[in-house]
Amino acid sequence: MSEKLVRGRLLSFHAKPQARDDESAYRYIEDGALMVRNGTIAAMGAYDEVKAKADKNVQIDDHRGKLILPGFIDPHIHFPQMQVLASYAGSLLEWLNTYTFVEEQRFGDAVHAARIADHLIDEFIRNGTTTASAFCSVHPGSVDAYFSAASHRNMLMLGGKVMMDREAPEALTDTPQSSYDDTKAGIEKWHGLGRNYYVITPRFAITSTPEQLEAAGALAKEFPDLHIQTHLNENKNEIAFTNELYPEAGDYFGIYEKYGLVGDKSLFGHCIHMSDRERDAMFDTNSVAVFCPTSNMFIGSGHFDWQNMEGDQKQGRIGLATDIGGGTSISMLRTMDEGYKVLQLQGQRLPPLVSFYQATLGNAEALSLQNRIGTLDEGSDADFIVLDAAATPVMKLRMETVHDLEQELFLLQTMGDDRAIVETYVAGEALKSKLAG
């Protein structure tokens, strides 16, 4: 039996904070410890109490003074776009055609796909992200590379091959039948193997014919427990083109409704330019809107309206994601910072407690995985991170005037990056300190 204690200041949410001082939403322990046993959190509490339950010779990872939180969760990324980061373009469709589709053609090469997958997963570890949901390329081998890299590190990851049979280079298109067959084969190969979750992944309505969306809907019926991921209402030109391709649907979300691709495990990236009908339909179907602030600003798509998508009764489900490589950083700390700014521009507030809730338990809830990840609760998978709000000289100087947890969290999200991640634990194993470079 493998057992260790990890000591530090513990912070774990069990609900979304309803106010800046909502201490009922989380548990904070100044001198706490996690008992990790066989990849699971066996106990959480005050250090003395937890240590009393352990063997006297138990290994202790001592992070006193540092903050320990559940690992960050990123519900929308593009695995083949690692080398598309920081590519200049004027609009979404120009960016896709000039850079993304060119780069994704390289993922037919298994060696290249494996190399990029290793870099991606290591960057997640450096930045404290322990779970992500990825769009792979159209090639089944890209899925193999992604899940193989994740499995090698025992990470809980979601992903799937994009289904894309039009409006893309010929080398990147499949067919309705081949996309169905390849996805089904990927599900049988990877879903439930280790900690892997396969996701049905029609890229977006522009790149799928009605026949392909029918195939995706058939997969959703055949595998009702699987997640579905796609894009919705990101860019005005994209929306206009989508409506030309599907004039009978009424609106963009109506396309996905028609083909049975909505529901409590359906993740819709962006959701910026939403009609009232679409928003209400998302509420009714319990679908998830995924906010990608760095991407939306970089590509110039617009500003996500958090209050509108959450709804007056807080019935809307929201995720917060990097969307690399449209997004500009793999760091969820940088993403929280930019999300704060997007909402500030609209007269909305994103308090730091809510930001950190969203990046942990909130995103676990968006993925319907809150019973496995997103907290430090007993029984959760032992995916957690150690943060240092004095990781750089300027952060250390600013910390001299920080007097409470909220201020510390805001400093982390405003000035922090991968240097603020002291350690990343995956299934109880410390992985960041083992990375080269």
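Electrostatic pairing of Asp251 and Arg277 counts as a salt bridge here, judged by a charged N lying under 4.0 Å from a carboxylate O. Salt bridge Arg9/Glu408: present, at least one basic N to carboxylate O contact under 4.0 Å. Taking the charged nitrogens against the carboxylate oxygens, Arg153 and Asp118 do have a contact shorter than 4.0 Å, which makes a salt bridge. Residues Asp418 and Arg126 are not paired through a salt bridge, judged by the lack of any N-O separation under 4.0 Å between the basic side chain and the carboxylate. Between Arg372 and Asp383 there is no salt bridge, since no side-chain N of the basic residue sits under 4.0 Å from a carboxylate O of the acidic one.
Between the side chains of Asn233 and Glu278, at least one donor N or O sits under 3.5 Å from an acceptor N or O. A side-chain N or O of Gln348 and one of Asp305 form a donor-acceptor pair less than 3.5 Å apart. Judged purely by distance below 3.5 Å, without hydrogens or angles, the side chains of Asn363 and Glu365 never pair a donor atom with an acceptor atom. No side-chain donor from either of Asn154 and Arg195 sits under 3.5 Å from a side-chain acceptor of the other. Between the side chains of Gln229 and Ser133, a donor-acceptor pair is found at a separation under 3.5 Å. Side-chain contact of Gln413 with Ser355: a donor-acceptor pair under 3.5 Å is present, judged by distance alone. The closest side-chain donor-acceptor pair between Ser380 and Thr375 falls under 3.5 angstrom.
The environment of Glu248 atom CD is dense: over 12 non-hydrogen atoms of other residues, nucleotides or ligands sit within 6.0 angstrom. Within a 6.0 Å radius of CZ in Arg166, more than 12 heavy atoms belonging to other residues, nucleotides or ligands are found.
Using a 30° and 60° split on the angle between ring planes, Tyr198 and Phe147 fall in the tilted class, from 30° to 60°.
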